[in-house]
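I have placed the structure first, in the form of structure tokens, so that the comments after it can refer back to it.
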2 protein chains.
Amino acid sequence: MPRSTRRRPALAHPETREIDLLDVLHALADPTRMTIVRVLRTEPERACGTFPVDVAPSTLSHHFKVLRESGVIRQREEANRRFSALRATDLEQRFPGLLDTVLAAYARTAAEA
Amino acid sequence: MPRSTRRRPALAHPETREIDLLDVLHALADPTRMTIVRVLRTEPERACGTFPVDVAPSTLSHHFKVLRESGVIRQREEANRRFSALRATDLEQRFPGLLDTVLAAYARTAAEA
DNA sequence: TACGATGTTCGACGAACGACGAAATTGTCG
DNA sequence: CGACAATTTCGTCGTTCGTCGAACATCGTA
């Protein structure tokens, strides 16, 4: 069987203009996913398994899928790793100021605890 | 039985400092509730039954409860009516810029359809 | 006092969600 | 090739969500 056959389907990402605000808000309204986004905010890219969240790998995979399909992150495959990056520019174009404002708001509440 | 006895428990509202960002995001991540907030943005106060949303009264009541308990709106009782108002000032104090940014973002996407 | 208007509470229901473990996929390295 | 590492997919479990209808509470008014 030829190597060129893709077993895994290509990663589905919405176009920038297709990003839905309600989907984004829903994606961000979860502590695990918010943590992921906050980490991604400080680095250009990061492998999935290296996030400081305490959930099973399969659960993490689910959260990445939610973030990806809502348009918050972009994922690319490299070897058997998958790297995630914030779609900061796309989000800024689509919803100016949103990401900064939300992350600033969360930083404020996270500082309380 | 004296009239002063409260039959209905007082409406529960979180203090401004207790408002949780993730709860707010979750509250806003629903089309019906987003519509309510958008309407409330243009008026200081409004009776519950007068919103242009197409759901059953009990469902509407549920959405108001979610908005109230997350700190997005404030409700007060007057006779047998219940008036809702955006907690714009409280939200601005707690999460500066959040409400404006989110509503501006939604307005942008709503204009597409 | 009885009625109607307003709005809530109380189940009930199906759908979606977050979590997990087991199994499968893909690539690297010995 | 075979063991290992990274990650996803699948199936499942229990919870939460959005919705509804029926019943209840409250208030103004005929």
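Just so we're on the same page: letters track the sequence lines, and every chain starts at 1.
- The only option from B/Thr16, B/Ile19, B/Leu98 that meets the side chain to side chain contact (heavy atoms under 4.5 Å, CB included) definition with B/Leu91 turns out to be B/Ile19.
- If you take CG of A/Leu60 and P of D/dC10, they are 18 Å apart, rounded to a whole angstrom.
- The CG-C1' distance, from B/Leu28 to D/dG18, rounds to 16 Å in whole Å.
- Atom C1' of nucleotide C/dT25 and atom CG of A/Leu11 are separated by 14 Å, given to the nearest angstrom.
- As rounded to whole Å, 13 Å separates atom P of C/dC17 from atom CG of A/Leu67.
- Atom CD of B/Glu77 and atom P of D/dC27 are 9 Å apart (whole Å).
- Rounded to an integer number of Å, the gap from CZ of B/Arg82 to P of D/dG28 is 15 Å.
- Nucleic acid contact class of B/His62 (heavy atoms, under 4.0 Å, all strands): base.
- B/Ser84 and B/Gln75 share a donor-acceptor pair across their side chains, judged by distance under 3.5 Å alone.
- Taking atom CZ of residue B/Arg81 and atom P of nucleotide C/dG4, one finds them 18 Å apart after rounding to whole Å.
- Listed by residue number, the members of residues 35-59 of chain B with any heavy atom below 4.0 angstrom from DNA chain C are B/Ala47, B/Cys48, B/Gly49, B/Pro57, B/Ser58.
- The nearest whole Å value for the distance from the CG atom in B/Asp30 to the C1' atom in D/dT19 is 11 Å.
- With hydrophobic clusters built from ILVMFWY side chains whose heavy atoms lie under 4.5 angstrom apart, B/Met34 shares a cluster with B/Val55.
- With hydrogens and angles ignored, the 3.5 Å screen pairs a side-chain donor or acceptor of A/Glu92 with a backbone N or O of A/Gly97.
- The cationic group of B/Arg46 lies under 6.0 Å from the six-membered ring centre of B/Phe51 and within 45° of the ring axis, placing it in a cation-pi geometry.
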- Between B/Arg74 and B/His13, does a side-chain hydrogen bond (donor to acceptor under 3.5 Å, both in side chains) hold up when you go through it step by step? CA-CA 7 Å; B/Arg74 187 177 299 280; B/His13 293 88; 4.6 Å; no
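- Listed pair A/His26 / D/dC17 fails the phosphate criterion, with no side-chain N or O lying under 4.0 Å from OP1 or OP2.
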